[in-house]
Each structure stands twice: as C-alpha cells, then as structure tokens.
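Contents: one structure, followed by commentary.
In this chain, numbering begins with 1 at the start of the sequence shown.
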Amino acid sequence: MAEKIQTQMSIQEKLLILSDAAKYDVSCTSSGVDRRGDGTGMGNCQASGICHSFSSDGRCISLLKILFTNECIYDCRYCINRSSNDVPRTSFTPEEVCTLTMEFYRRNYIEGLFLSSGILKSPDYTMELIYATLYRLRKVCNFQGYIHVKAIPGASEEIIQKTGFLADRMSVNMELPTAESLRKLAPHKSRKNILTPMRMVQNRMNENKYEISVYKNAPRFVPAGQSTQMIIGATPESDYQILSVAEALYRKFDLKRVFYSAFVSVNEDKALPAKTSDGPPLLREHRLYQADWLLRFYKFEASELLDENNPNFNVFLDPKCCWALRHLEQFPVEVNRAAYEMLLRVPGIGVKSALRIVKARTMGIIQFEDLKKMGVVLKRALYFITCNGKMMYRTKMDADYITRNLMNAGERLPDSVTGMTYHQLSLFDDVNFISSQKADLIIRN
C-alpha cells in the first residue's frame, strides 16, 4: 500500500506542503517560527507543522500538525484541497510520518501528533493508511506521546475502531452546521455519514469504560474523548442555529469539544461569501467560543442566550453580559447568600471565583475587596452584585445605562485591519476547568 502513494518529493518538501494544508483545522495554531540554534542552547525551532497548546499546569505542549495527504476525491467548495483546485499534491507514507514524529520528538520539538487527511481513493483506503501509521508509531517505534487523529466519514466501523485503540483523541468534523449547507457546499458529504462514526466512537468509548472497570489492563479506546469542528460564516446560519447544533452534539454524543472555525476565503466560488476587507469573522468565532463555555461549564442553555427574535450575539459585549442585561429582574445578587448556580450567571464571576466565594463565606462576610482577591472581575460584576446588602457604587438598574458603562470599561476588540486579537482555542483548553462533580463536592463540603 505504501508504494502506491510514493512521490519524488523529499520528506522536507512534503512537510512544507502538508503542514501548510493542515492550517485550516482549528484544533491548534502554527508557531510560524523558524530559528536555527546558535550553539549555546539545545535544538532548533522548526516552523513547519509545529503547533502550540497549553496544559492545565501552564506547560506549553507542541504538536506536529500535518495532513497525511492533500489529495482528495471530494470537491467541497470551501476547501483549499478540493479536487478541482490546481495545487501541489503529495502524500506521506506511514514510515515518513513515523520518522518525522520520532525525530521531532527526540529533538524535544514536539510532545504529540495531530494527524488529519484528505480522502485518497476512498474513505476506507485512507483510514487504512492512517491506521497503519498509528500502528507503526505505537508498536514499532514505541511512541507513547499524545496522538489526535481524524476519523474519516464513510470508512468502515472496524478500521475506525482499530485506530481508536491507538489514538488519544478522535474527531469527526461536522464541517457545516446544517444538512442543507452540506448539500450546497459539500455535496459529496452527508450528515448521516458524519454522525455515524461519531455515534460509533461514543458507543465504543462507553463499552470501553466498562471493560476497564472489570479488567484493569484492558486497552483504552480514545481516552481523551472526541471532538468536532464547524466552519462559521461560509453559510447563512445564525449564532442561535450554530449554538443549538453544538448543544445537541454535546448532549447526544458526549463530545469533549466543539471547535468553531471562522470561514477563510481561499477559493473563488459563487456559492461562497464574497471576500471582504474585514477578513475572517474572528470576533463572531470568539463570541461563539464564549457562549460554548457557558453551555459546558456555567449551566446555560442555548435558548437562554439566544432565540428566534435575538438570533445573533452582540459583538460588543460578551454573551453572559448580554444575558444579564436582558434579565435585570434577577439582579443584583447578594454574594453572601446566592446559590452557586446563580453566582455563575453573574458577569465577571467565573467557575473558580464562584467556588472561592462559596467556600469563603462559610468563614465570614465577604466584602468587595475580598472579591477582587478571589479573581472576580469587578468592572463587570459591580453592576450585578451586592456585598452585605450594598452595591459597590450607586448604580441605576437600567439596561442602557449599564451597557454604556460596560462598553466604556472596555473589552479589547480585534484590530480593524488584522483581526488578530482573538485566536483559535487549543485542544487542551478544556482541562483548565474544574469538573461539575468536583464543584458540587467543594460546595457540599
């Protein structure tokens, strides 16, 4: 099988093409640094394919982020690698991916691999090559680092399952929020083909949890969970539609993360939005990520944040502030008595600071100066809370008045030209949060 995908390119030339082709997957971002060692330190910084993420203890974790191939039998209108595009094409062999991963790892460039792929010949053929790569990496090279791999929609359940026992995380990209958008921009793909492997991975993960509980040495299947990605802005769905789809995916498929990718115009196509001077809708992406966190960690529902009458987020205020301004009848909240769930709904109070408040008030009355030490962002929270019955300043509980003051307090918006204030979130951001079970335990104690 490997002989069929050999090309005359060197492995470095392939790396340049296939790392660049992987940059539109938003699970992590490229470092963009190419620096030769000067002899006084250890190692070099290699630009191609090195991506940075962060663990819960603050360590920078680097991943080799590449496509196995940018050959593709599909002609998705938004994709740079679509079959009708005239771009340089190449493929790695399993041995080449293993060589790159192990050599980069030995030089301390990376701690893991992120492997995606175009569709070469067929979904099964491509998934077999990915499996062969991971098998060689784990069993022959004895690589024990982190591996995130894409499950190819349309591939057989057997080969996806075999690959899942070698990977830490798997993902099946939704691509677009609705079936109608898929039919319009990716006619070779279907919602059923995408959801089928997603359901299979979920069911196999649940079975594996039982197997591990009975047999402690049982092999682990996708221990870091599964995720997906949606492109934002290529089609006319509202924020409410997108967030509702994400909420359904979390509930029905136990996803670890839904990633949102601001649409980048790389193809001339009448079915796609026209290019604008504003560039990709990064601020809209940022608001969706904020709302996504409210769903996962703050016990909000999509229908609370948006509805048919208010289908899109206000770009000038974060989603929690917008919700609070529409529900001023629930404020101000007395921090010395409010339930933990209500504290989470106060702008400026996060999961950790809410837990600190609950714990601290068992030992005495909390004042505003205490809240600042606990990590509460008072420039937002002060309009919505009282301490011992008093507000921090005399405040008129009026939506327009509070909105003006919140905007004057200043949330940094992206530069109008570069739009680079906000960045794609990484695979490892989700480990920074305290689980709901741990939060409940702390509250009970």
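- Take Leu306 and apply the side-chain contact (heavy atoms from CB on, under 4.5 Å) test, not counting sequence neighbours, and it matches Asp239, Tyr240, Phe313.
- Side-chain contact between Lys65 and Ser19 is absent, with no heavy-atom pair separated by less than 4.5 Å.
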Task: CA sep, side-chain torsions, deciding dist, call: Tyr289, Tyr260, ring-ring contact (aromatic ring centres under 6.0 Å, His included) - done: CA-CA 7 Å; Tyr289 271 119; Tyr260 307 93; 5.2 Å; yes
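- Using a 4.5 Å cut-off on side-chain heavy atoms (C-beta onward), Gln229 and Met174 make no contact.
- Rounded to the nearest 0.5 angstrom, Leu378 CG and Ile385 CD1 are separated by 6.0 Å.
- Looking at Glu180 and Thr178, their side chains never bring a donor and an acceptor atom within 3.5 Å of each other.
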Pair Thr101-Leu115, side chain to side chain contact (heavy atoms under 4.5 Å, CB included): steps then yes or no = CA-CA 11 Å; Thr101 304; Leu115 184 62; over 6 Å; no
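- Asn388 and Asn336 form no side-chain donor-acceptor contact under 3.5 Å, judged by distance and modelled atom types alone.
- The closest side-chain heavy-atom distance from Leu120 to Ser91 is below 4.5 Å.
- Once rounded to the nearest 0.5 Å, the distance linking CE of Met230 with OG1 of Thr235 reads 10.0 Å.
- At least one donor-acceptor pair under 3.5 Å links the side chain of Thr403 to the backbone N or O of Ala399.
- A salt bridge is absent between Glu369 and Lys372: the closest approach of a Lys/Arg side-chain nitrogen to an acidic carboxylate oxygen does not fall below 4.0 angstrom.
- Residues Phe300 and Trp323 bring their aromatic ring centres within 6.0 Å.
- Counted within 6.0 Å of CZ on Arg220, heavy atoms from surrounding residues, nucleotides or ligands total 12 or fewer; the atom is thus considered open.
- For the pair Ile80 and Val87, the tightest heavy-atom approach, listed with the atom from each and the gap, is O-CG1, 4.0 Å.
- For the pair Arg89 and Cys72, the tightest heavy-atom approach, listed with the atom from each and the gap, is NH1-N, 4.2 Å.
- The side-chain heavy atoms of Pro273 and Phe263, taken from C-beta on, include a pair separated by under 4.5 Å.
- Aromatic ring centres of Phe68 and Phe92: separated by at least 6.0 Å.
- For the pair Asp318 and Arg287, the minimum side-chain heavy-atom distance is below 4.5 Å.
- Side chain of Glu247 to main chain of Ala302: a donor-acceptor pair is present (N/O by atom type, distance under 3.5 Å, no hydrogens or angles).
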Verify side-chain hydrogen bond (donor to acceptor under 3.5 Å, both in side chains) between Lys275 and Ser265, making sure each step is shown before the conclusion. CA-CA 6 Å; Lys275 288 186 179 181; Ser265 182; 4.7 Å; no
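- Between the NZ atom in Lys209 and the CZ atom in Arg204 there is a gap of 12.5 Å [rounded to 0.5 Å].
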request  = Just do the side chain to side chain contact (heavy atoms under 4.5 Å, CB included) check on Val333 and Phe384 with the steps written out, would you?
outcome  = CA-CA 6 Å; Val333 167; Phe384 304 99; over 6 Å; no
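- Side-chain atoms of Gln330 never come within 3.5 Å of backbone atoms of His327 as a donor-acceptor pair (strictly under, hydrogens ignored).
- Asp168 contributes no side-chain N or O that, together with a main-chain N or O of Ala224, makes up a donor-acceptor pair within less than 3.5 Å.
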Apply side chain to side chain contact (heavy atoms under 4.5 Å, CB included) to residues Leu243 and Leu305 and explain how you reach the verdict.
CA-CA 9 Å; Leu243 204 63; Leu305 298 171; 3.9 Å; yes
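- Within a 6.0 Å radius of CD1 in Ile365, no more than 12 heavy atoms belonging to other residues, nucleotides or ligands are found.
- Proximity of Pro347 to Lys320: side-chain heavy atoms (C-beta onward) are separated by under 4.5 Å at one or more points.
- With hydrogens and angles left out, the side-chain atoms of Asn173 and Thr228 include no donor and acceptor closer than 3.5 Å.
- In this structure, the separation between CG on Asn405 and NZ on Lys396 is 9.5 Å, given to the nearest 0.5 Å.
- With Phe104 as the aromatic partner, Arg107 does not meet the cation-pi criteria of under 6.0 angstrom to the ring centre and within 45 degrees of the ring axis.
- Side-chain N/O atoms of Glu285 and Ser261 include no donor and acceptor closer than 3.5 Å.
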task = Go through the steps for Val351 and Tyr340 under the test side chain to side chain contact (heavy atoms under 4.5 Å, CB included), then give the verdict.
result = CA-CA 9 Å; Val351 173; Tyr340 170 75; 3.7 Å; yes
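- Taking every heavy atom of both residues into account, Leu294 and Pro319 meet most closely at CD1-CB, 3.9 Å.
- Ionic pairing of Lys373 and Asp370 is not present here: no N-O contact between side-chain nitrogen and carboxylate oxygen is shorter than 4.0 angstrom.
- Across Ile349 and Val376, no two heavy atoms sit closer than the pair CG1-CG1, 3.9 Å.
- Nearest heavy-atom pair, Tyr383 versus Thr395, reported as atom, atom and distance to 0.1 Å: CD2-CG2, 3.7 Å.
- With rounding to the nearest 0.5 Å, the separation of CE in Met342 from NZ in Lys299 is 13.5 Å.
- Distance check, rounded to the nearest 0.5 Å: NZ of Lys256 to CZ of Arg169 gives 6.5 Å.
- When every heavy atom of Glu111 is checked against every heavy atom of Tyr105, the shortest pair comes out as CA-CE1, 3.9 Å.
- In this structure a side-chain-to-backbone donor-acceptor pair under 3.5 Å is missing from Asn193 to Gly154.
- The side-chain heavy atoms of Leu64 and Ile66, taken from C-beta on, include a pair separated by under 4.5 Å.
- In the model, Glu334 has a side-chain atom that pairs as donor or acceptor with a side-chain atom of Thr386 under 3.5 Å.
- A salt bridge links Arg82 with Asp269: the closest approach of a Lys/Arg side-chain nitrogen to an acidic carboxylate oxygen falls below 4.0 angstrom.
- Asp292 has a carboxylate O that lies under 4.0 Å from a charged side-chain N of Arg296, or vice versa, which qualifies the two as a salt bridge.
- Within the 4.5 Å cutoff, the side chain of Met397 has heavy atoms near those of the Pro332 side chain.
- Side-chain atoms of Glu13 and Thr90 form no donor-acceptor pair, as typed in the model, at a separation below 3.5 Å.
- Under the 3.5 Å distance criterion, the side-chain polar atoms of Asn70 are matched with a main-chain donor or acceptor of Pro88.
- Residues Arg199 and Glu157 are not paired through a salt bridge, judged by the lack of any N-O separation under 4.0 Å between the basic side chain and the carboxylate.
- Counted by atom type alone, Glu175 and Tyr78 present one or more donor-acceptor pairs between their side chains at under 3.5 Å.
- Salt bridge annotation for Glu304-Arg345: present, with a cationic side-chain nitrogen under 4.0 angstrom from a carboxylate oxygen.
- More than 12 non-hydrogen atoms from other residues, nucleotides or ligands lie less than 6.0 angstrom from CZ of Arg326.
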